[in-house]
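Okay, so here's the structure we're looking at.
Order of appearance sets the numbers: ligands from 1, and atoms from 1 within every ligand. FYI, the numbering just counts along the sequence from 1.
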Amino acid sequence: MRLLYSALSPFARKVRVLAFEKALADRMRLEPAAPYQDEAVRVLNPLNKIPTLVTDDGEAVYDSAVICDYLDGLAEPRLIPQGQPERRRALTLEAAADGLGDAALLVVRERMRPEGERRQDVFERQLKAIAAALDLFESVDLTVDRFGIGEIAVAVQLGYLDARKVVDWREERPALASWFEDVSKRPSMVATDPSAS
Ligand SMILES: N[C@@H](CCC(=O)N[C@@H](CS)C(=O)NCC(=O)O)C(=O)O
């Protein structure tokens, strides 16, 4: 398998952490891609986004949630619950984390615009989504005993908020901060830490 990725992409990191946790990382060749700079990924993915996975049969798979679902079926332990309501809850937590990531990316891209051209309404709308998602993560009692798809999705997005200095989120969310400190020590998180690459 080949994974088109960048070290800073939180969505690609979600795939890499899940692959690591399932001992599949060695079967996945990492190929750097720069979707904001060129069009190389578009032949595989019409959206020209990373992560994009190419299976051993040459099939292109995207987006990150679909790649994680594919990888989860390849080996134990299952990190996406099979039965309801656990499956629905885990995937909803993943969706909230991915949505926070989409909002954080928009904030980062908006900050790259010349100062006079930055749109205040974009910041307000996206920062509101980020704050509400963080409040949700603080309230859901994340536990270090479980590191499934939902927890992985949350952890990589918190890492992105820190790496890109999007918001200071720890002070009002002590449970989330303490959980993140603990899970950041997992080998899968250390191996994919964007600040280490
Ligand atoms: N929903 C997608 C989001 C992926 C995404 O937004 N990737 C960014 C990099 S972190 C990207 O490739 N952006 C290129 C673009 O928007 O043109 C997923 O989960 O894979």
Closest to atom 19 (O) of ligand 1 among protein heavy atoms sits Ser64 OG, 2.5 Å
Report the relative orientation of the aromatic rings in Trp169 and Phe180; use parallel for angles under 30°, tilted for 30 to 60°, perpendicular for over 60°.
perpendicular
Please confirm whether Asn48 comes within less than 3.5 Å of ligand 1 when only nitrogen or oxygen atoms on both sides are compared.
no
Leu161, Phe123: one ILVMFWY side-chain cluster at the under-4.5 Å cut-off?
yes
Please could you name the atoms of ligand 1 that Pro51 approaches to less than 4.0 Å, counting only its heavy atoms?
20 (O)
Quiz: residues 84-92 side-chain donor-acceptor pairs under 3.5 angstrom, not counting sequence neighbours:
{"residue": "Gln84", "atom": "OE1", "partner": "Arg88", "partner atom": "N", "Å": "2.9"}
{"residue": "Arg87", "atom": "NH1", "partner": "Pro81", "partner atom": "O", "Å": "3.2"}
{"residue": "Thr92", "atom": "OG1", "partner": "Arg88", "partner atom": "O", "Å": "2.7"}

Each residue besides Leu44 in its hydrophobic cluster should be listed here, by chain and number; the cluster joins Ile, Leu, Val, Met, Phe, Trp and Tyr at side-chain heavy-atom distances under 4.5 Å.
Leu4, Val41, Val43, Ile50, Val54
Is the contact between Leu105 and ligand 1 made by the side chain, the backbone, both, or neither, using heavy atoms and a 4.0 Å cut-off?
side chain
Tell me which part of Tyr36 gets within contact of ligand 1: side chain, backbone, both or neither, using heavy atoms under 4.0 Å.
side chain
Nearest heavy atoms of Asn48 and Asp38, plus distance in Å
ND2-O, 3.0 Å
Under 4.0 Å from any heavy atom of Ser9, which atoms of ligand 1 are there?
10 (S)
Any sub-3.5 Å donor-acceptor pair from Gln157's side-chain atoms to Ala155's backbone N or O?
no
Closest protein heavy atom (residue, atom, distance) for atom 16 (O) of ligand 1
Lys49 CE, 3.6 Å
Given Asp63, Leu106, Ile50, identify the one with the heavy atom nearest to atom 4 (C) of ligand 1.
Ile50
